[in-house]
Amino acid sequence: MRQFNMNKGNFAVKSHYKMYKAGKRWVVAGMATLSLLGGLMMVSGDASADGVDSSVAPVADSQAPAETTNNATTNSVVLSASATPAPASSVSAEVSATSESSVVSSVVVSSSVARSVVTESVSSTSSVSVAVSSDASSVVSQSLASSVVVPADAVTVKDTESEKAYALGTTPDADTAAPDSAVTAVPMNAAYTSSTKAKSASVPAVSTSGTIAASSYIKTDSAQNHTSFSYNGSSQVNNYFNQTGDITNLSDVDVTNSSFRSGAYSMVGVTSQSAYDSSLASSRNYYTSYYTSYYKATNKSITSSSLTTSVSAAVSAAMSGKPDYNDIPSSVSNAIKTANSVANKVLPSQSKTDDIDWKALVPEVKNEGGTLSYQSQLDVLKGFEIKGGYRLVSIDQTTGAVRASTSVTGAQAVGVVMAPVQPTVMGTPSIAGSNSLNNNDAIATIKNAVIAGRDMYVNNAGDVNSLLVHIRQTNDGGYLAGGKNGAGTAGTTDAGYAWATEANGSSVAKTTNTSNTADMTDGTKSAAQGDMYKGVYFDYKWENPTLNADGTVTAKLTYTEYSDSAMTKVIGTVTNTLTVDRYMAVGLYAANGGNGNSFFGGISYFQGTNATADVNVSYKFGKNDDTLLPNTKINAVVGEKIKITDAKTTLSSDSGMSVTYVAPDVPGFKIDPSSVMSAIAGSGDLAIKYVVNQDDFTDQVTNAKTALQAIDDSIADLQAMIDKDPSSIDVQSVLTKMQDIRKQAVDKIAALQTIADGSVDLTTVADVQDALQKIMQGANDVSALATDASNQIDLAKEITKNSVSINKNISDDNDVMTAKSKINEDIASGQTAEDIANDKVDLENKVGIATQNRKEAISKADEAVASNTINNALVDGAKSALSVLTGESDPKDDSHTKTDINAGVDNLAKVSAVDVPKSVMNVQDVIDAIAKVTDLLTKDPTNTAAIDQALQGLKDKITQASKLSPALVQLHQLLQMRRHRLMLAIRTKRL
């Protein structure tokens with residue numbers, strides 16, 4: 001209760017507030033009394049939760065001051081004069097929750113012609129709006145706005161003729177009384193909200209840290225720090241040279257391996273053992289027939305032995321020197337193993353251990369070739385130098401011993417070769433147009449290549465004597481200089497075609513072959529059995545290079561061979577000026593031709609500059625190669641292997657000529673298993689193909705299903721609460737809400753599954769990213785529903801903890817049931833815990849009112865009993881029934897409602913109006929009719945129709961009994977007694 005005096009004492013207002021619910025908002029309505037001194041007028045109004053004037057309307061949002069915000073922390077008072085009078089006695093107070101942390105109350109009081117009213121704040125953190133309406137003809141001339149005392153610390157926020165607004169401080173008003181029906185509200189904690197906003201989903205950014213995509217341009221360690229190099233010592237240098245050819249490809253491969261067998265047959269020039277045997281037999285048969293016919297034609301005598309010898313020789317020639325293998329794969333395997341063993345054990349023992357680190361170039365199989373190729377290309381715009389050595393020997397395939405020099409008869413070619421190809425191509429058949437390593441002077445059919453060394457099969461025009469070192473070049477058609485279709489003339493030195501004139505200090509009479517004849521076989525045999533058998537050491541120098549306008553390089557090449565590892569004894573030297581491509585592969589090359597002897601070689605010194613090249617790495621998706629990420633360029637030494645891995649545990653590495661980078665992890669995508677994941681620098685670019693990663697999608701479905709399980713767990717928890725206390729108010733409504741939440745989750749998961757199962761056609765990067773974002777959002781939605789379900793449990797606990805007890809004796813009260821239904825509606829519609837708490841305040845108020853009304857009904861019943869002095873069985877029965885309804889006869893029975901009690905009072909009045917003469921009071925029919933009425937009054941007091949019918953039946957019995965004479969009445973009573981006894985006897989006998 002609060003006293004508020006204003007306008008110099010002319011008005012006095014007393015306000016007693018009640019609270020009631022209007023929609024979702026609390027309205028504070030007051031019982032106000034206004035007095036006008038001098039007897040002008042006296043008006044009072046009483047507004048309660050059950051009796052609010054229907055003409056009072058809530059304040060519209062537009063009536064609130066513009067300065068008031070949702071998070072207002074000060075009180076504001078607005079005084080305004082309205083031209084339109086408000087209805088008489090209209091008082092409304094509206095409290096609305098505008099945020100989770102503040103409650104703003106807006107109270108409006110209107111004054112008509114006859115009265116003026118003011119309102120007061122309900123909360124110290126409220127916004128209070130006071131509107132005063134006055135009529136021009138009002139007898140109250142003073143303006144309410146001018147009569148309000150504004151606190152000294154108030155701040156004016158609006159000042160017009162029609163409206164004044166002040167902002168008040170936040171100090172709580174100690175005199176402000178809380179509403180009589182206020183209860184402790186449920187804490188406005190997020191845990192108790194019934195609707196959770198799902199986290200907005202966005203596709204995670206591509207993780208590029210530590211991956212190839214971390215930079216748009218990368219230099220490998222070799223390209224950045226090791227372009228210029230100098231390696232000294234054969235054991236060190238050989239680490240940078242690759243041993244190529246069949247001797248490497250088929251080494252350490254089981255002879256039963258299909259790949260090995262195929263390679264072995266290819267080395268011999270057949271497809272199978274049977275093909276070889278058939279070819280050999282055909283040759284023998286042909287030459288046997290040929291020689292038999294020859295001898296007969298010449299009438300020469302012939303013996304079996306001489307014929308066999310002649311035929312064998314002819315067969316050997318016909319087979320191009322191919323050996324007579326009984327088991328080709330086994331023979332080839334043995335030759336490879338033997339050659340490698342000789343390189344590792346025998347040759348080092350025959351020379352100084354530090355002279356050369358010997359490697360087997362070709363095994364003891366005819367028409368074989370192989371190289372020691374540098375792992376990268378050289379940039380020949382910079383000078384370079386290579387030193388090394390080679391040997392040509394014949395090996396006993398049974399003992400592994402090096403045979404005498406006389407067993408070596410020749411070869412195809414040997415020397416240092418440069419070619420504008422990838423290092424991996426050097427020493428393979430694909431380097432040559434002939435698709436063979438057994439070519440004239442080693443480089444015939446290899447385009448724009450250069451050899452500096454020895455030609456060991458001098459058989460074509462332009463070939464140089466095997467005793468002499470030489471330099472020779474091919475043109476862009478693969479033709480040798482000095483030869484057919486090649487540059488220059490046979491026997492005439494020129495650019496790309498030169499030779500030494502001496503060997504070991506001695507002049508050589510015939511240096512070159514000017515025709516296609518094999519007329520220098522003696523020189524070949526001498527070279528093979530001499531210097532080459534003992535071992536040759538070479539020095540290859542590329543000097544004074546210059547860049548030409550077309551990008552080629554011209555430089556001087558000097559090639560010198562020595563007979564000692566110290567390189568003091570010159571065998572021969574040659575110098576020539578050459579023009580070549582800027583980037584060249586280089587290696588020591590050897591081919592044994594039809595003689596089939598074994599070549600060995602090694603590099604002891606190498607100084608030069610590596611060539612580099614950019615490898616463009618692109619990231620593509622789908623059949624249309626949609627770009628997934630910006631390209632990455634890798635600058636690497638030509639020949640470096642660029643490898644991409646998608647193994648999440650692998651780290652990028654950069655070691656030697658092999659570089660590994662981790663592919664970027666792109667959400668929604670994974671690398672196509674069929675994608676090429678490596679490239680050789682200088683050989684081309686690398687396109688990494690991506691496909692949809694269904695795991696990223698199904699993971700989201702799994703997350704959603706986990707959230708669904710959490711919802712089910714919450715439902716189980718709630719059901720356990722209900723089972724424990726079935727009478728818990730409103731918890732069943734929470735369960736209904738939870739089941740709706742679950743249905744929403746199930747529906748969403750079904751939609752997610754459609755995306756995750758791959759049935760949706762995703763053809764572009766945008767398609768995948770959009771689908772992933774949607775499925776992630778869906779999973780977030782289900783997760784939010786799970787949080788919502790968990791919050792419902794917390795809400796149910798809070799509801800149970802702060803539940804309002806509704807006894808059966810007020811269960812028929814409409815206001816109580818309406819208030820309870822409102823809470824159920826709040827829960828079902830996802831209102832906040834604050835709304836539900838406010839509605840519980842309203843319910844508690846209604847419960848209090850209903851309880852008081854029942855008490856008043858009991859008092860009314862007591863008064864009705866006390867004032868009723870009629871004494872007969874019927875009235876006594878009605879009074880007894882009424883005592884049962886009020887609980888006076890049995891204090892434990894407190895279940896009857898106000899309606900029951902009021903009906904009992906009404907029925908008492910009806911019963912009292914029925915006259916039951918004493919003369920018929922003992923008539924059994926009357927007694928039975930009275931008992932029936934009394935039973936209805938007790939058990940079904942509100943069943944007016946049944947009670948009225950029973951009363952009418954009683955009246956009929958009374959009328960019938962009254963017509964009987966006293967003797968008949970007595971006889972009737974006697975018969976009734978006997979009848980009862982008879983019925984009792986019958987029942988007893990049956991029992």
Side-chain angles (χ1 to χ4, degrees), residues 238 240-253 257-271 332-333 335-336 339-340 343 359-363 365-378 390 411-451 453 474 476-478 480 581 583-593 596 598-603 611 613 637-641 657-658 676 678-684:
N238 280 343
Y240 299 94
F241 281 77
N242 300 317
Q243 191 176 1
T244 66
D246 290 328
I247 198 167
T248 300
N249 298 335
L250 300 179
S251 181
D252 298 324
V253 181
N257 183 279
S258 60
S259 296
F260 178 88
R261 298 180 71 83
S262 176
Y265 291 132
S266 179
M267 288 173 66
V268 177
V270 295
T271 58
V332 169
S333 178
I336 292 174
N340 286 326
K359 300 292 182 183
L361 300 179
V362 291
V365 177
K366 297 180 179 182
N367 297 308
E368 274 294 289
T371 70
L372 280 177
S373 297
Y374 181 55
Q375 63 187 4
S376 180
Q377 279 186 332
L378 290 177
Y390 61 85
Q412 184 70 43
V414 64
V416 177
V417 173
M418 284 199 306
V421 296
Q422 287 298 312
T424 52
V425 177
M426 290 288 284
T428 65
S430 61
I431 191 176
S434 64
N435 199 36
S436 170
L437 292 174
N438 199 48
N439 299 302
N440 185 32
D441 215 357
I443 63 170
T445 72
I446 302 175
K447 298 177 180 180
N448 300 313
V450 177
I451 184 173
T474 58
D476 56 10
L480 286 162
D581 289 359
Y583 302 110
M584 303 285 280
V586 64
L588 175 59
Y589 183 100
N592 63 7
S598 299
F599 263 115
F600 299 86
I603 307 297
V637 168
V638 174
E640 271 193 286
K641 184 175 184 179
M657 292 296 286
S658 180
V676 176
S678 64
I680 302 298
S683 297

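Throughout, numbering of the chain's residues begins at 1 and tracks the sequence. Nothing here was measured: the structure is a model prediction, and the numbers come from that model.
A585 and M426 make their closest contact through CB-CG, 3.7 Å (heavy atoms, listed as atom of the first residue, atom of the second, distance). In plain terms, the two heavy atoms of L588 and G601 that are nearest each other are CD2-CA, 3.8 Å. Across L480 and A444, no two heavy atoms sit closer than the pair CD1-CB, 3.9 Å. The two atoms that bring Q243 and N340 nearest to each other are NE2-OD1, 4.1 Å, heavy atoms only. Scanning both residues, I446 and A449, for their nearest heavy atoms gives CG2-CB, 3.7 Å. Minimum interatomic distance between V638 and G682 (heavy atoms only, all atoms of both residues): CG1-CA, 4.3 Å.
Remark: Y390 engages no residue in a ring pair (Phe, Tyr, Trp, His ring centres under 6.0 Å) (not counting sequence neighbours).
Within the 4.5 Å cutoff, side-chain heavy atoms of Y589 are placed close to those of L437.
Applying the side chain to side chain contact (heavy atoms under 4.5 Å, CB included) test between P423 and each of M584, E640, Q377 identifies Q377 as the sole match. Here the rule is side chain to side chain contact (heavy atoms under 4.5 Å, CB included) with I451, and of V416, V414, I443 only I443 fits it.
A distance of 6.5 Å separates CD of Q412 from CG of N440, quoted to the nearest 0.5 Å. One distance of note links CD1 of I431 with CG of N439; it measures 9.5 Å at 0.5 Å rounding. We find the CD1-CD distance between I336 and E368 to be 7.5 Å, quoted to the nearest 0.5 Å. Distance check, rounded to the nearest 0.5 Å: OG of S430 to CD of Q422 gives 11.0 Å. The CG atom of L361 sits 8.5 Å away from the CZ atom of F600 when rounded to the nearest 0.5 Å.
Checking side-chain atoms of T244 against main-chain N and O of T371 turns up a donor-acceptor pair under 3.5 Å. Judged by distance alone, the side chain of N592 and the main-chain N or O of V365 form a donor-acceptor pair under 3.5 Å. With hydrogens and angles disregarded, no donor-acceptor distance shorter than 3.5 Å links the side chain of S436 to the backbone of P429.
Sorted pairs that involve residues 414-438 and meet salt bridge (Lys or Arg N to Asp or Glu O under 4.0 Å), not counting sequence neighbours, are lacking altogether.
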